[in-house]
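Position 1 is the first residue of the sequence; numbering continues from there.
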Amino acid sequence: MADLVTVENRTAGKIVYQIPDRHIRRELAPRQTIRVPKEEIEALSYTSGGLDLIRNHLLVKDEQVLDDLNIHREPEYYMNADNVAKLIKEGTLNEFKDALDFAPDGVKDMIKDLSVQIPLNDFSKRQALKEMTGFDVDAAIQHDRENKMSDDGEEIAAPAPKVRRVQQTGRRSLDGIAKGAELAATNKPKIIKK
């Protein structure tokens with residue numbers, strides 16, 4: 001069996017790549033992680049745009065493969081959604097700016113997406129994001145709120161969670177209900193003739 005390497009789509013969009021001479025086509029959903037042979041990553045690097053995918057949009061979790069492909073990595077290369085969320089919530093302004101300067105494009109996109117979802121409450125970080133990338137978090141959050149409102153201007157409430165009214169006591173209760181229904185279906189009146 002070939003040596004496998006873990007590859008993660010770090011973007012908010014689907015990534016599709018093809019390696020025609022090996023008859024390989026892969027689709028990775030946002031944040032999806034797969035394991036592929038190391039040779040496949042090397043072959044991907046030789047395709048048009050493949051090296052850019054590896055550098056900026058995919059997180060290849062194998063130091064040796066990245067070294068063999070001569071891909072320069074800053075610490076931000078290894079950031080995933082959890083690391084970005086922590087950076088948004090707890091990171092210093094300088095750590096945040098370093099991420100915007102040195103992170104691959106996929107990580108920068110993740111920073112933008114999570115800044116709206118979490119949301120990013122630090123005014124200094126919002127300003128830095130706008131100045132360094134042109135992304136206006138305030139406008140994006142406002143737009144997101146508008147999308148969640150109904151036509152009359154009221155925020156649409158999330159549906160209430162379903163709550164069980166009768167507490168079941170394990171599998172027996174369900175078995176008893178099923179057996180009762182089964183007996184009712186098979187119990188036919190008996191006709192006795194004398």
Side-chain angles (χ1 to χ4, degrees), residues 2-19 22 24-45 47-69 71-92 95-122 125-126 128-130 132-148 156 158-159 161:
D3 287 337
L4 297 177
V5 60
T6 302
V7 178
E8 179 182 338
N9 174 3
R10 67 166 96 225
T11 68
K14 179 169 54 170
I15 288 182
V16 179
Y17 68 81
Q18 293 184 8
I19 306 172
R22 294 184 182 217
I24 295 173
R25 182 179 188 280
R26 299 232 189 249
E27 288 186 23
L28 285 87
R31 315 284 191 262
Q32 180 182 3
T33 301
I34 61 172
R35 294 186 49 84
V36 298
K38 288 182 179 185
E39 294 80 25
E40 183 175 321
I41 298 301
E42 182 180 347
L44 174 62
S45 73
T47 64
S48 176
L51 209 49
D52 180 60
L53 273 178
I54 296 168
R55 281 188 185 123
N56 291 307
H57 305 289
L58 296 174
L59 172 57
V60 178
K61 298 178 182 179
D62 189 298
E63 294 293 319
Q64 187 61 47
V65 170
L66 295 170
D67 288 342
D68 291 347
L69 296 175
I71 293 179
H72 175 73
R73 301 167 309 277
E74 294 289 339
E76 291 80 10
Y77 177 85
Y78 300 100
M79 292 181 86
N80 60 23
D82 293 335
N83 301 128
V84 171
K86 186 174 181 178
L87 177 69
I88 288 170
K89 293 176 187 174
E90 303 168 13
T92 66
E95 289 171 334
F96 191 77
K97 285 182 175 181
D98 281 351
L100 294 175
D101 278 336
F102 298 106
D105 294 340
V107 173
K108 290 177 188 175
D109 290 343
M110 203 182 315
I111 290 170
K112 293 173 189 176
D113 291 341
L114 292 176
S115 291
V116 175
Q117 292 172 16
I118 289 177
L120 175 61
N121 291 324
D122 185 325
K125 290 180 184 176
R126 283 186 180 200
L129 187 59
K130 187 173 183 178
M132 297 173 79
T133 67
F135 182 75
D136 188 349
V137 178
D138 297 319
I141 290 173
Q142 180 62 31
H143 182 68
D144 190 49
R145 277 193 198 125
E146 290 170 2
N147 283 342
K148 292 179 181 175
I156 299 172

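Within the model, atoms CG of Leu129 and CD1 of Ile111 stand 7.5 Å from one another, a figure rounded to the nearest 0.5 Å. The structure places NZ of Lys112 at 12.5 Å from CD1 of Ile88, a figure rounded to the nearest 0.5 Å. Distance check, rounded to the nearest 0.5 Å: CG of Leu58 to CD1 of Ile15 gives 4.5 Å. Residue Leu44 holds its CG atom at 9.0 Å from CG of Leu69, rounded to the nearest 0.5 Å. Between His143 atom NE2 and Glu146 atom CD the span is 7.5 Å, to the nearest 0.5 Å. The line from CD of Glu95 to NZ of Lys86 is 9.0 Å long, rounded to the nearest 0.5 Å.
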>> Between Asp122 and Phe96, does the side-chain contact (heavy atoms from CB on, under 4.5 Å) criterion hold? Intermediate values first, please.
In response: CA-CA 11 Å; Asp122 185 325; Phe96 191 77; over 6 Å; no
> After noting the C-alpha distance and the side-chain angles of Asn121 and Arg126, does the key distance pass the side-chain contact (heavy atoms from CB on, under 4.5 Å) rule?
Replying inline: CA-CA 8 Å; Asn121 291 324; Arg126 283 186 180 200; 4.1 Å; yes
> What do the steps show when you test Glu40 against Arg22 for salt bridge (Lys or Arg N to Asp or Glu O under 4.0 Å), and what is the final call?
Replying inline: CA-CA 9 Å; Glu40 183 175 321; Arg22 294 184 182 217; over 6 Å; no
>> Using side-chain contact (heavy atoms from CB on, under 4.5 Å), reason through Asp62 and Thr6 one step at a time and then give a plain yes or no.
In response: CA-CA 7 Å; Asp62 189 298; Thr6 302; over 6 Å; no
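For the residue pair Ala99 and Glu76, the shortest heavy atom distance occurs at CA-CG, 3.7 Å. Nearest heavy atoms, Val116 versus Ala140: CG2-CB, 3.5 Å. Between Tyr78 and Asn83, the closest heavy-atom pair is O-OD1, 3.7 Å. Annotation for Ile141 and Ser115: closest pair CD1-O, 4.0 Å, computed over non-hydrogen atoms. The shortest heavy-atom contact between Pro30 and Ala12 is CG-O, 3.3 Å. The minimum heavy-atom distance linking Leu51 with Ser45 is given by the pair CD1-CB, 3.6 Å.
Judged by distance alone, the side chain of Arg55 and the main-chain N or O of Ile71 form no donor-acceptor pair under 3.5 Å. Remark: side-chain polar atoms of Tyr17 are not paired, donor with acceptor, to backbone N or O of Gly49 under 3.5 angstrom. Of the possible polar contacts, one joining the Asn9 side chain to the Ala29 backbone as a donor-acceptor pair under 3.5 Å is found. A donor-acceptor pair is defined here as one N or O able to donate and one able to accept, closer than 3.5 Å; such a pair exists between the side chain of Arg31 and the backbone of Thr11. Asp98 places no side-chain N or O within 3.5 Å of a backbone atom of Phe102 that could act as its donor or acceptor partner. A donor-acceptor pair is defined here as one N or O able to donate and one able to accept, closer than 3.5 Å; such a pair exists between the side chain of Lys125 and the backbone of Leu87.
Checked by atom type, the side-chain pair Asp138/Gln142 shows no donor-acceptor distance below 3.5 Å.
For the pair Ile54 and Leu66, the minimum side-chain heavy-atom distance is below 4.5 Å. Under the 4.5 Å side-chain criterion, counting only non-hydrogen atoms from C-beta, Phe135 is not in contact with Asp113. Put simply, the side chain of Arg73 reaches to within 4.5 Å of the side chain of Glu63, judged on heavy atoms. Within the 4.5 Å cutoff, the side chain of Val65 has no heavy atoms near those of the Glu42 side chain. Residues Val137 and Lys130 have side chains not in contact (no heavy-atom distance under 4.5 Å, counting atoms from C-beta outward).
Of the listed residues (Asp109, Asn80, Leu59), just one forms a side chain to side chain contact (heavy atoms under 4.5 Å, CB included) with Arg10, and that residue is Leu59.
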